[in-house]
Amino acid sequence: MMHRRSLLIGSTLTAAVAATGAAQAGGLFGLFGDDAPQGAVYAQDGVAIRGTDPVAYFTEGKPVAGSAEHALTWGGTNWHFASAENRAKFEADPAAFAPQYGGYCAWAVAEKGELFSTDPSAWAIVDGKLYLNYNASIQDRWNKDIPGFIAEGDRRWPQIVQGS
């Protein structure tokens, strides 16, 4: 079982953020807001993060199953939350809680420039941003050079999304 991995790593100013002039705290995913391009959010059966509440990673320090009872559509997909309070937090500032790279595997985006699914239990919060990985084994690879993978993922993400 994965445990919370909250890491403090120096912020990376990406070329994509600088080029677009975006200064959102939500990272590259936040650039799209409600107009995320098709394929910019990983959703299994139309639900982001396999139904896991994205806010709970920050408030409870672990993945928590969300409920369709507390669903919200954002970025072209459905998001589930464990409570109405968490849904309201997300709705007020989605980019603060949505996983980077649209919830696709952060290692795969950085290392391969490809979109892979994720396991909600393979996660990390780095500089206040949520990153997900394919599984625990891939997360072990990710942990070996988190700053490098983030820099490369941030560089590749805009190109990946444009091609989707």
Open item on the list: The criterion is ring-ring contact (aromatic ring centres under 6.0 Å, His included); which residues satisfy it with F90, sequence neighbours excluded?
Closed with: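 Counting only residues at least two positions away or on another chain, F90 forms a ring-ring contact (aromatic ring centres under 6.0 Å, His included) with W74, W79, F81.
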TODO: Provide the full list of salt bridge (Lys or Arg N to Asp or Glu O under 4.0 Å) pairs with a residue in residues 75-93, sequence neighbours left out, each pair given once.
DONE: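 Passing the test, one end in residues 75-93: E85-K89.
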[Y] reachable from [X] in the ILVMFWY side-chain graph, under 4.5 Å edges:
X    : Y    : value
L132 : I125 : yes
V64  : Y57  : no
L72  : L130 : yes

Open item on the list: Can you confirm whether the side chains of N135 and D119 place a donor and an acceptor under 3.5 Å from each other?
Closed with: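 Short answer, no.
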TODO: May I ask you to decide if A71's main-chain N or O and N78's side chain share a donor-acceptor pair within less than 3.5 Å?
DONE: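 No; judged by distance alone, with no hydrogens or angles, the pair does not exist.
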- [ ] Would you confirm whether N86, through its side chain, and A82, through its main-chain N or O, come within 3.5 Å as a donor-acceptor pair?
- [x]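 Not at all, since once roles are kept as given, no pair shorter than 3.5 Å links the two residues.
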- [ ] Show your working on side chain to side chain contact (heavy atoms under 4.5 Å, CB included) between Y104 and L115 and close with a plain yes or no.
- [x] CA-CA 6 Å; Y104 287 98; L115 302 178; 3.5 Å; yes
Please report the shortest heavy-atom distance between [X] and [Y], naming the atom on each side.
X    : Y    : answer
V161 : A40  : CG1-CB, 4.3 Å
S121 : P63  : CA-CG, 4.1 Å
C105 : T118 : N-CG2, 3.2 Å
A122 : A136 : CB-N, 4.2 Å
A48  : A43  : N-CB, 4.1 Å

Given side chains that start at C-beta, do those of [X] and [Y] come closer than 4.5 Å, heavy atoms only?
X    : Y    : result
Y134 : W107 : no
Y42  : S117 : yes
R50  : P120 : yes
W157 : I160 : yes

- [ ] Kindly state whether the ring of W142 and the ring of Y131 have centres lying under 6.0 angstrom apart.
- [x]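 Yes; Y131 has its ring centre under 6.0 Å from that of W142.
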Approximate separation, where rounding is to 0.5 Å, of [X] [atom1] and [Y] [atom2]:
X    : Y    : atom1 : atom2 : value
S83  : D53  : OG    : CG    : 6.5 Å
R141 : I146 : CZ    : CD1   : 15.0 Å
T77  : Q44  : OG1   : CD    : 11.0 Å
I138 : N133 : CD1   : CG    : 7.5 Å

Task: salt bridge (Lys or Arg N to Asp or Glu O under 4.0 Å) partners of E111, counting only residues at least two apart - done: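 In terms of salt bridge (Lys or Arg N to Asp or Glu O under 4.0 Å), with neighbours along the sequence ignored, E111 is linked to no residue.
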Open item on the list: Ring-plane angle category for F97 and F58, please: parallel below 30°, perpendicular beyond 60°, tilted otherwise.
Closed with: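 Ring orientation, 0 to 90° scale: perpendicular.
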